[in-house]
Chemist: 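Below you will find the structure I want to go over with you.
Excluded from the calculations below are hydrogen atoms, water molecules and symmetry mates; all remaining heavy atoms, backbone and side chain alike, are included. Note that the structure is predicted; figures quoted are calculated from it, not measured. We number each residue from 1, following the sequence as shown.
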Amino acid sequence: MDATLTLLSKYHHGVLDPGSPTPLYHQLYSMLRDCILGGVLEDGSRMPSEKELSTTFKVSRITARRALDDLAAENLVARQRGRGTFVNYHYHPELLNAPLTGALESLEHMGRETKIKVLSLRFIRPPANIADEFGISDEQPLCHMVRIRSNRDLPFAYYESWTLGFDRSIRKQSLEKSPRLELLRKSGVKIARAEQTLSAEAAFPPAAGALGIMPGKPLLKLIRRSFGEDGKQVDHLNAVYNPDRFQYRMSLTLK
């Protein structure tokens with residue numbers, strides 16, 4: 001078996017799900033695209049043929065062909081008559097960095113340097129655990145948002161948040177143009193401190209689809225709870241990041 005195909009088979013064993021509502025060709029395309037953008041498949045390396053993909057991942061050749069067609073349409077692979085299909089992307093391991101500790105203003109700066117897209121904005125009753133965090137009744141609606149953040153048009157973060165500080169006048173357009181911290185201040189809420197918890201999580205389907213990766217891929221997970229000057233919680237953020245495109249950085253000083 002070709003070395004590239006062996007790598008793919010081991011790296012993504014059993015990741016295609018015939019029972020998923022996502023078409024198999026798109027699952028295969030997303031898997032291959034993720035391998036190319038993440039540097040698993042190197043620039044100039046030969047891609048598996050339609051027949052090899054069909055046999056290894058147990059899909060039809062039509063499915064394999066469409067996945068390769070979509071990669072070619074993005075110029076991520078190049079087809080050479082009589083030779084095969086080759087990776088046409090040079091991986092640059094230049095990750096977007098963000099401070100894990102420090103002033104909240106640094107997070108606001110990242111908000112201005114990257115692009116946000118709001119996928120969902122609703123005022124709904126929170127689950128019991130979120131209501132308990134805020135110290136409110138689970139009958140009281142909170143502002144619930146789902147967003148993705150991109151750098152150079154590549155999505156790297158998927159956010160789900162619950163916020164006490166916004167009212168129903170908030171609009172998607174405002175959230176896509178200005179950092180949330182700035183909009184909260186304009187709403188009369190000043191965040192005095194935040195607590196962060198860092199861990200890892202496998203990509204769940206909604207996040208995987210929004211980030212253009214396969215479900216199950218290991219992601220960096222951060223939960224941030226923000227508090228106002230009165231000590232009460234005003235925001236809960238659950239964020240997952242594609243580690244191929246983003247990392248947190250921490251500087252420590254010994255005294």
Chemist: Are Cys143 and Leu121 packed together at the side-chain level, in the sense that at least one heavy-atom pair is separated by less than 4.5 angstrom?
Modeler: yes
Chemist: Is Leu28 linked to Phe86 within one hydrophobic cluster, defined over Ile, Leu, Val, Met, Phe, Trp and Tyr using a side-chain heavy-atom separation of less than 4.5 Å?
Modeler: no
Chemist: Quick check: do Phe57 and Thr63 have side-chain heavy atoms less than 4.5 Å from each other?
Modeler: no
Chemist: With clusters defined by side-chain heavy atoms of hydrophobic residues (ILVMFWY) lying less than 4.5 Å apart, directly or transitively, does Phe123 cluster with Leu183?
Modeler: yes
Chemist: Grab the two heavy atoms, one from Ala64 and one from Ser54, that are nearest each other, plus how far apart they are.
Modeler: CB-N, 4.3 Å
Chemist: Starting from Ile130, can I reach Ile124 by hopping between I/L/V/M/F/W/Y residues whose side chains sit under 4.5 Å apart?
Modeler: yes
Chemist: Under a single-linkage definition using a 4.5 Å side-chain heavy-atom cutoff for Ile, Leu, Val, Met, Phe, Trp and Tyr, are Tyr89 and Leu53 assigned to the same hydrophobic cluster?
Modeler: yes
Chemist: Can you label the angle between the Tyr158 ring and the Phe204 ring as parallel, tilted or perpendicular, going by 30° and 60°?
Modeler: perpendicular
Chemist: Check whether more than 12 heavy atoms from other residues, nucleotides or ligands sit under 6.0 Å from atom CD1 of Ile62, and answer yes or no.
Modeler: no
Chemist: Here's a test for you: under side chain to side chain donor-acceptor pair (under 3.5 Å), which of Gln196, His236, Glu195 qualifies with Arg224?
Modeler: Gln196
Chemist: Quick one: are Leu164 and Gln140 in side-chain contact, heavy atoms under 4.5 Å?
Modeler: yes
Chemist: Which distance, rounded to the nearest 0.5 Å, do you find between the NZ of Lys217 and the CE of Met31?
Modeler: 12.0 Å
Chemist: When rounded to the nearest 0.5 angstrom, what distance separates CG in Asp70 from CG in Leu32?
Modeler: 10.5 Å
Chemist: Heavy atoms only: give me the nearest Glu160-Trp162 pair and the separation to one decimal.
Modeler: OE2-NE1, 4.2 Å
Chemist: Judged by atom type as modelled, is there a donor-acceptor pair below 3.5 Å linking the side chain of Thr163 to the main-chain atoms of Gly165?
Modeler: no
Chemist: Would you give the length of the straight line joining atom CG of Leu68 to atom CZ of Arg79, rounded to the nearest 0.5 angstrom?
Modeler: 5.5 Å
Chemist: Over all heavy atoms of both residues, which pair between Arg180 and Leu175 is shortest? Give the atoms and the distance, please.
Modeler: CG-CD2, 3.9 Å
Chemist: Please round to the nearest 0.5 Å and tell me the distance separating atom CG of Asp235 and atom CG of Leu181.
Modeler: 8.5 Å
Chemist: Using a strict 4.0 Å threshold on nitrogen-to-oxygen distance, state whether Glu139 and Arg125 make a salt bridge.
Modeler: yes
Chemist: Mind listing the closest non-hydrogen atom pair of Leu237 and Ser161 along with its distance?
Modeler: CD1-CB, 3.9 Å
Chemist: If I take atom CZ from residue Arg245 and atom CG from residue Leu154, how far apart are they, to the nearest 0.5 angstrom?
Modeler: 4.5 Å
Chemist: Give a yes or no answer on whether the side chain of Gln27 reaches the backbone of Thr22 with a donor-acceptor pair at less than 3.5 Å.
Modeler: yes
Chemist: Is there a path of hydrophobic side-chain contacts, each under 4.5 Å between heavy atoms of I/L/V/M/F/W/Y residues, joining Tyr25 to Val59?
Modeler: no
Chemist: Looking at side-chain heavy atoms only, is the closest gap between Ile36 and Val77 below 4.5 Å?
Modeler: yes
Chemist: Say whether, by atom type as modelled, one donor and one acceptor occur between the side chain of Asn88 and the main chain of Leu76 under 3.5 angstrom.
Modeler: no
Chemist: Using modelled atom types and a 3.5 Å cut-off, is there a donor and acceptor pairing between side-chain atoms of Thr56 and backbone atoms of Glu52?
Modeler: yes
Chemist: Mind running side chain to side chain contact (heavy atoms under 4.5 Å, CB included) on Leu142 and His144 for me, showing each step along the way?
Modeler: CA-CA 6 Å; Leu142 291 176; His144 177 259; over 6 Å; no
Chemist: Considering all heavy atoms of both residues, which atom of Ala203 and which atom of Ala208 are nearest to each other, and what is their separation?
Modeler: CB-CB, 4.1 Å
Chemist: Is it true that atom CD of Glu42 has more than 12 heavy atoms of other residues, nucleotides or ligands lying nearer than 6.0 Å?
Modeler: no
Chemist: What heavy-atom pair brings Arg168 and Pro141 nearest, and what distance separates the two atoms?
Modeler: NH2-CG, 4.0 Å
Chemist: Between Tyr241 and Tyr159, how do the two ring planes meet: parallel, tilted or perpendicular, split at 30° and 60°?
Modeler: perpendicular
Chemist: With heavy-atom distances below 4.5 Å as the criterion, would you say the side chains of Phe166 and Met145 are in contact?
Modeler: yes
Chemist: Give, for atom CZ of Arg46 and atom CD of Gln80, the distance between the pair rounded to the nearest 0.5 Å.
Modeler: 11.5 Å
Chemist: Are the side chain of Glu176 and the backbone of Val118 linked by a donor-acceptor contact shorter than 3.5 Å?
Modeler: yes
